*Asks:* 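Please find one structure pasted underneath; my questions will follow.
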Number of protein chains: 2
Amino acid sequence: MPPLLSIDLHAPLPAYRQIVDAIRTHLVNGALQPGDLLPPVRRLAIDLGVHFNTVADAYRILAEEGWLDLKRRRGALVLARTAPRPIDPAVAASFARRLRELVAEVRAAGVTRPRILRELRLIAKGLES
Amino acid sequence: MPPLLSIDLHAPLPAYRQIVDAIRTHLVNGALQPGDLLPPVRRLAIDLGVHFNTVADAYRILAEEGWLDLKRRRGALVLARTAPRPIDPAVAASFARRLRELVAEVRAAGVTRPRILRELRLIAKGLES
DNA sequence: GTTGTTTGTACATAGACAATATACAAATAA
DNA sequence: TTATTTGTATATTGTCTATGTACAAACAAC
């Protein structure tokens, strides 16, 4: 069974942000469902090789986004988040640019066009459902 | 006429990296062609509202990637970059994940599925040519 | 009830990173 | 020869990241 997430301590993106991004993806995709409990910060921290406060920071950001309810002793509970937030205009406006920049970066790094197209279509297919 | 690039000084991504990403996108897309000259670091720095050394850092990264030739007095010249670099396996391997995380982030921020699909297809179309 | 254990929280600190200030070096034109 | 325009080098300052450590709350065991 694959681990919930893994991070790269040498990546340019800071660890706490990698944790947020990975967990948020699971939440959006439904791999993490309302009612689920995330691992305690100390446990996940050991698995990832970081300090538990780094995981706690990530959990807090996700809680502020409305995904989690944090409580001592019980842990991090995944919420229903019935009414998704109103559109964040900054994120919406920058999406196209960020997507172009990501594709440009991997093209510049030598990833072939067919491979990029394959991933783009895979994502699109998953969104259509 | 739109400016060559603009950055957001309050974004989580550091300024020098935003500059690199924006210019690299123009280079990959062909909006910047071999033989073109980029603005002097002091000029672009004023336009963006940063220190000229921040722009100089960005130019140096792009030069190391093989896109630019930097020379005093003449400025930053766009190169042909005939033989693209060998595939960077780390970038290639993480592309799918980063794409999923970007889409998850904007979905979480309220961007609608049709809009995301539109952008994905737009990019894909541009790649097919 | 008291105590111990398991959780998240708060805050201070060390280190890494980003942005700037300032001085310098090279190339070219006047 | 001198002035100007460019990129370069290095030290410094400030911000961000990750950690160390102590604390607080909730619950179970007894």
Side-chain angles (χ1 to χ4, degrees), chain A residues 4-24 27 32 35-79 101 105, chain B residues 4-24 27 32 34-79 101:
Chain A
L4 178 65
L5 66 149
S6 69
I7 64 173
D8 174 5
L9 293 177
H10 300 93
L13 210 63
Y16 82 96
R17 183 173 286 275
Q18 292 185 53
I19 298 169
V20 168
D21 289 345
I23 296 179
R24 195 199 289 108
L27 290 162
L32 284 171
D36 287 350
L37 276 177
L38 268 56
V41 292
R42 286 167 178 80
R43 168 65 186 278
L44 183 53
I46 290 172
D47 294 348
L48 297 178
V50 297
H51 193 273
F52 66 81
N53 273 342
T54 301
V55 176
D57 283 347
Y59 279 13
R60 215 165 299 141
I61 289 172
L62 291 166
E64 277 165 16
E65 291 184 8
W67 291 110
L68 303 180
D69 182 62
L70 304 179
K71 233 157 103 178
R72 292 173 215 236
R73 179 83 192 189
R74 185 206 55 196
L77 176 73
V78 175
L79 295 179
E101 288 178 352
E105 178 184 336
Chain B
L4 177 65
L5 67 148
S6 68
I7 65 173
D8 174 5
L9 293 177
H10 299 94
L13 210 63
Y16 81 97
R17 181 173 286 275
Q18 292 183 54
I19 298 169
V20 169
D21 289 344
I23 295 178
R24 195 198 290 108
L27 290 161
L32 284 171
D36 288 351
L37 277 176
L38 267 55
V41 292
R42 287 167 177 80
R43 168 65 187 278
L44 183 53
I46 289 172
D47 293 348
L48 297 178
V50 296
H51 194 272
F52 66 81
N53 274 343
T54 300
V55 175
D57 283 346
Y59 280 13
R60 216 165 296 141
I61 289 172
L62 290 166
E64 277 164 16
E65 291 183 9
W67 291 109
L68 302 180
D69 182 62
L70 303 179
K71 234 158 103 177
R72 293 170 214 238
R73 180 83 192 186
R74 186 206 55 196
L77 177 72
V78 175
L79 295 178
E101 289 177 352

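First the proteins, then the strands, lettered A, B, ... as listed; each starts at 1. These figures come from a predicted structure and were not determined experimentally.
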*Asks:* Distance check needed: D:dT6 C1' versus B:L44 CG, whole Å only.
*Replies:* 14 Å
*Asks:* What is the distance from NE2 of B:H10 to P of D:dT15, rounded to the nearest Å?
*Replies:* 12 Å
*Asks:* Tell me which nucleotide among C:dT7, C:dT9, C:dA23 gets nearest to the side chain of B:R42.
*Replies:* C:dA23
*Asks:* What heavy-atom pair brings A:S6 and A:L48 nearest, and what distance separates the two atoms?
*Replies:* CA-CD2, 4.0 Å
*Asks:* Which heavy atom of A:L32 sits nearest a heavy atom of A:L27, and at what distance?
*Replies:* CB-CD2, 3.8 Å
*Asks:* Using a distance-only criterion (donor-acceptor N/O pair, under 3.5 Å, no hydrogens), is the base of C:dA25 paired with the side chain of B:R72?
*Replies:* yes
*Asks:* How long is the line joining CG of B:D69 and C1' of C:dA27, in whole Å?
*Replies:* 14 Å
*Asks:* Rounded to whole Å, how long is the line connecting atom CD1 of A:I61 with atom C1' of D:dT17?
*Replies:* 11 Å
*Asks:* Would A:L9 and A:V50 satisfy side chain to side chain contact (heavy atoms under 4.5 Å, CB included), going step by step from the backbone distance to the final call?
*Replies:* CA-CA 9 Å; A:L9 293 177; A:V50 297; 3.7 Å; yes
*Asks:* Between B:L44 and B:L38, is any pair of side-chain heavy atoms under 4.5 Å apart?
*Replies:* no
*Asks:* How long is the line joining CG of A:L62 and P of C:dT9, in whole Å?
*Replies:* 12 Å
*Asks:* Distance-only check: which donor-acceptor pairs under 3.5 Å involve side-chain atoms of residues 14-22 of chain A, not counting sequence neighbours?
*Replies:*
{"unit_1": "A:Q18", "atom_1": "OE1", "unit_2": "A:D8", "atom_2": "N", "d": "3.0"}
{"unit_1": "A:Q18", "atom_1": "NE2", "unit_2": "A:D8", "atom_2": "O", "d": "2.9"}
{"unit_1": "A:Q18", "atom_1": "NE2", "unit_2": "A:L13", "atom_2": "O", "d": "2.8"}
{"unit_1": "A:D21", "atom_1": "OD1", "unit_2": "A:R24", "atom_2": "NH1", "d": "3.3"}

*Asks:* Does A:R74, at its CZ atom, have more than 12 non-hydrogen atoms belonging to other residues, nucleotides or ligands within less than 6.0 Å?
*Replies:* yes
*Asks:* Of all the heavy-atom pairs spanning A:L68 and A:A76, show the shortest one and how long it is.
*Replies:* CD1-CB, 4.4 Å
*Asks:* Name the pairs: protein N/O against N/O of nucleotides 18-20 of chain D, kept only if under 3.5 Å.
*Replies:*
{"unit_1": "D:dA18", "atom_1": "OP1", "unit_2": "A:A15", "atom_2": "N", "d": "2.8"}
{"unit_1": "D:dA18", "atom_1": "OP2", "unit_2": "A:A15", "atom_2": "N", "d": "3.4"}
{"unit_1": "D:dA18", "atom_1": "OP2", "unit_2": "A:Y16", "atom_2": "N", "d": "3.4"}
{"unit_1": "D:dT19", "atom_1": "OP2", "unit_2": "A:H51", "atom_2": "N", "d": "2.5"}
{"unit_1": "D:dT19", "atom_1": "OP2", "unit_2": "A:T54", "atom_2": "OG1", "d": "3.0"}
{"unit_1": "D:dG20", "atom_1": "N7", "unit_2": "A:H51", "atom_2": "NE2", "d": "3.1"}
{"unit_1": "D:dG20", "atom_1": "O6", "unit_2": "A:N53", "atom_2": "ND2", "d": "2.1"}

*Asks:* For nucleotides 28-30 of chain C, tabulate all protein N/O to nucleotide N/O atom pairs closer than 3.5 Å, reporting atom names and distance.
*Replies:*
none

